[in-house]
Every structure is written in C-alpha cells, then in structure tokens.
Amino acid sequence: MTLKRLFGAALLGVAVGVLPIVAPPSFADSLRVVRSGTSSTLSVPMNRAVVVESDVPFAELSIANPAIADISSLSDRTIYVLGKSPGLTTLTLLDATGKLITNVEVRVAPDLSEFKERLKQILPNETIDVRTANDGIVMSGTVSSIQRLERALDLAERYAPERVSNLMVVGGVQQVMLKVRFAEMQRTVAKSLSSSVAISGSNGLIETGTWLLGDNSLTNPVTAFKPNVEGGGVFRFDAGAFEIGIMLEALEKKGMVRTLAEPNLSALSGQEAKFLAGGEYPIPVAQDGGEITVEFKPFGVELNFVPRVVDGDLINLEMATAVSALDEANGYTDGTLSIAAFSRREASTTVEMRDGESFAIAGLLQDNFLDNNQQLPWLGDVPVLGALFRSADYSRSQSELVIIVTAHLVTPTRGEALALPTDRIKPPTEQELFLFGHVSGNVKRQKGAAGEVAKQDFTGSYGYVMD
C-alpha cells in the first residue's frame, strides 16, 4: 500500500467544532457526536468531551501532553477525548504491528460560545470580535464608548480571569474642551461723620477729636489740626478772650471691583490637562544652618481636569480650578523685607454632564458689616450738642463669586478656520506711525472666521460709568 493510500485510509473521522447540546438527562447516556470525513486537526472545548471514530482499527493510542487533553478508547475504532487545559498537543494512533496510522493535532481552547451569546445580549449594537489565544481571550473591534468597553472586559474576565487581551478601540468623539467662567463682584461702602472742638485762650487750651493729632507747636493751636483730613471743614470764631474752632469731617466712600476669568482647555478622554495663565512669585524660605532659599509660588488662573467620555455624549469630569492674585495689603513686612500675600478662590470637584451642558460648581456670598462709635464720656450723650463730641463710622462690604463649568465634545479642524488675536493687528510702517500717528497698520481683508475677528476694533468708548 502506498503512503498516499495509507493516509487516505487511516485518517480519523473527527468531530470538529462540537457545540454544546442541551438534552434531557434520560437521553444523555445515548448521545454521541460523530461527523463523517477525515481531518488531521481536532478542536476540543476546554472541560468538554468529544467522541471520534477511526476508519481503520487501531491497537494503541498515546497523547503527547496529558495535561492538555485526556484520552481513552471505547473500542478499537472509537476514541474519547477530554479537553483539560488550553494548549496544543498531538494524538498518535498505531496499528497491531506497531506501525503509525496517523498523528492528529489536538487543539484545546476555552469554550466561547456562551460568552459570545452573552456579549450579544448585553451589547447588541457593538461590533466586537472574540478569539482565543492559548489559554486566554483576545477581543478586538470598535465600541462606541469607554463605558461599554469596560462592560465587555468585565464580562470577559468572568470566563478567562486575568487572561483577557484588549485590542478594542473606542469610536466617536473622545476629546473634551472645558470652559470655566469665574465671575466675582465686590462692593464696598464706607461712611463716617465726626467732629472736633478746639478752644484756646490766654490761660489754657481744650482740644477734642482730630485736633489732638495736630501739631501744637504752632503759634495758633486752633489751626493746628491734622493735615490732609479727607472731607473736613473748619469753622473758627472769637468769643471774647477765647478762640473757638469747630471741625466737621464727613466722608462717604464707594467702590466696586469686577473680576472675570475664562480659561478654556481641551484634553483627550482619560488624560489630565493643566493650564496656568499668570506668573510665579518668589518667596524666601529659611533652611537649616541659617541659609535662605527662594521658592516660587504660582499665581493667576489655574485649571487642572481629567475628562472621561462615559457613554455617547455623557462626560465624567474631575477638575480643580483656582484664581489667585497678589495682595499687598495683607502681606508681611520685616524691616526691608516685604512679602506679598495671595488672594485665592478655588474649587475642586467631580461632576457628570452631557455635551454642551453647564454646572455652577461653586458659589459664595459674603456680606460684612462694621460700625464704630467714639465719644467723650457724658458730653457725647447730650442731645444735639453731643454730636460735637462724637465720631461715628460704618463700613459694609459684599462679595459674590460664581464658578460655572461647561463641557463640549470637540474634534480637530483645519488651521485656516481658526482666528488668532494677532490677525487683526499689523505693525505700522514708519509713514503710518510718524505722519499719521497710527499705532497699527492696515490689515488686509481676510475670509472665514479670521476675517470676522479682524473686523473688530477698539475704536469708540469702552468700560463702565459709575454713578
């Protein structure tokens, strides 16, 4: 018999790709899966058994790696193969004379039929390919969001713990632009009303209020009140041998401060982005041994955030933002050393929103009120005339702060569609600067978004008028 006829007659009829069959227990003992034809490769699901038949009788069986598959003969033509662990091994069949009949490659892999079915039920619209690799699972394809990718991986871990290879990619928009708006209004009002009396004569001097802070070395003490008094008026008259001076101080102060910062920053989903527009302030720090080192503390508009596109247009946002500025009024001074303090407003939180939605993540309302009354004992309590011996003032300050966050899903665009602040400014020529007094040159007409920005200028009146 030739080699070709030998292999043609001796190859096994193999049951390949056996699917699990659910049957009533009464028929379980009589089931046998056998397929016609021959093959040199046998696929066996892990923890499942396959029964195959040979066209010719065999006398001896052997398996190269019993840890991968276990075999037993049911007859001289029937073999029972049990998949034990993922891997590849060889099944050898010999006849009664010890001659080789055939070698069959046995491939044991995890059973993915149930996993694929569950994956279709949980994520019906996702195109995910599932394959086996040695003792693990390889997942590839495109999913619509990170949340669905994590669901697929969690399900795969149930079937192959710590043996899942993720080759899936997330489709759709995965870049987030964060727009943060700081809006703060500060209003202050202060009013004061005080009076001072000075009476001088040849035998003595009586002074109250601001006059006590004046320079009494002057020839006429009545005129020796404190200089640079704001909102003050003096009335002087003679009464016989006495010279009387009355000074009234009435002052009202109003102030308003508007602070607005609007940093914008884009980042890829799951990646941290940082933004700082400001500077760094040097601060001396004492070290061991009396040495002085300098540390730099940043100030300005700060923004740190990590966006995560959860599902579709749903965005999970972890962020920290702050606006700080130098505050000379509350600084530290020691001789010639002066260190400024910092005024700082910050917020740190985690929120979830959809594309284009906004959150007011922080708000603060402060209202401080202070009044003060100073008077001479007994004299200040006298009706009407007691006002000459009494000083009163009060101040009130209000501060309102709101931080609003807006998130957008963004995609890149072509560079010519973006406008820059410098698109509308051009350095002037010598003729334009010296002859016509122009501080910027003529800008050529541009198209698109840059042209719309270039149409804007700074002519006319800008700012606010305070009543």
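Computed from a predicted model, the values in this text were never measured in an experiment.
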Donor-acceptor pair between Gln287 and Thr293 side chains, under 3.5 angstrom: yes

Side chains of Arg345 and Ser324, donor plus acceptor under 3.5 Å: no

Nearest-0.5 Å distance that lies between atom [atom1] in [X] and atom [atom2] in [Y]:
X      : Y      : atom1 : atom2 : answer
Thr89  : Leu42  : OG1   : CG    : 11.0 Å
Asn65  : Ser85  : CG    : OG    : 7.0 Å
Met177 : Thr411 : CE    : OG1   : 11.0 Å
Met168 : Glu150 : CE    : CD    : 10.0 Å
Thr132 : Met46  : OG1   : CE    : 10.5 Å
Phe436 : Thr429 : CZ    : OG1   : 8.5 Å

When the side chains of residues 363-372 are checked against the rest of the protein, which donor-acceptor pairs come out under 3.5 Å, sequence neighbours left out?
residue: Asp367; atom: OD1; partner: Arg396; partner atom: NE; Å: 3.2
residue: Asp367; atom: OD2; partner: Arg396; partner atom: NH2; Å: 2.9
residue: Asp367; atom: OD2; partner: Gln398; partner atom: NE2; Å: 3.3

Flag side-chain contact, heavy atom, 4.5 Å: [X] against [Y]:
X      : Y      : answer
Leu326 : Phe342 : yes
Val410 : Val176 : no
Ile315 : Arg308 : no
Asn316 : Met353 : no
Val323 : Arg344 : no
His408 : Asp355 : yes

Taking all atoms of both residues into account, what is the closest heavy-atom pair of [X] and [Y], and its distance?
X      : Y      : result
Ser338 : Thr333 : OG-OG1, 3.8 Å
Ala69  : Lys84  : C-CD, 4.1 Å
Thr406 : Gly356 : CG2-O, 3.9 Å
Ala152 : Leu123 : CB-CD1, 3.9 Å
Val405 : Leu178 : CG1-CD1, 3.2 Å
Val44  : Gly83  : CG1-N, 3.6 Å

Residues Glu184, Ser399; criterion side-chain contact (heavy atoms from CB on, under 4.5 Å); working and verdict: CA-CA 7 Å; Glu184 183 177 18; Ser399 175; 3.5 Å; yes

Note: Arg187-Glu400 ion pair, threshold 4.0 Å (strictly below): yes

Lys/Arg N to Asp/Glu carboxylate O, Arg107 vs Glu105, below 4.0 Å: yes

Name every donor-acceptor pair, under 3.5 Å, that has one atom in a side chain of residues 261-285 and the other anywhere in the protein, sequence neighbours excluded.
residue: Glu262; atom: OE2; partner: Lys179; partner atom: NZ; Å: 3.4
residue: Ser269; atom: OG; partner: Val309; partner atom: N; Å: 2.9
residue: Tyr281; atom: OH; partner: Ala340; partner atom: N; Å: 3.0

Short side-chain to backbone donor-acceptor contact, Thr321 and Glu302, under 3.5 Å: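 Such a contact is found between Thr321 side chain and Glu302 backbone.
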
Asp327 side chain to Ser343 backbone, donor-acceptor under 3.5 Å: no

Mind listing the side-chain donor-acceptor pairs of residues 153-165 below 3.5 Å, one per line with the distance, residues two or more places apart or on another chain?
residue: Glu157; atom: OE1; partner: Glu162; partner atom: N; Å: 2.8
residue: Arg163; atom: NE; partner: Asp135; partner atom: O; Å: 2.6

Stepwise side-chain contact (heavy atoms from CB on, under 4.5 Å) test for Ile403 and Val180: CA-CA 7 Å; Ile403 302 177; Val180 182; 3.9 Å; yes

CD (Glu430) with more than 12 external heavy atoms under 6.0 Å: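 Open: at most 12 neighbouring heavy atoms sit under 6.0 Å from CD of Glu430.
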
Flag if over 12 foreign heavy atoms under 6.0 Å of CD, Glu252: yes

Residues Arg131, Ser140; criterion side-chain contact (heavy atoms from CB on, under 4.5 Å); working and verdict: CA-CA 8 Å; Arg131 299 180 180 86; Ser140 61; 3.2 Å; yes

Full working for side-chain contact (heavy atoms from CB on, under 4.5 Å) between Met139 and Leu119: CA-CA 11 Å; Met139 304 180 66; Leu119 195 61; 4.3 Å; yes

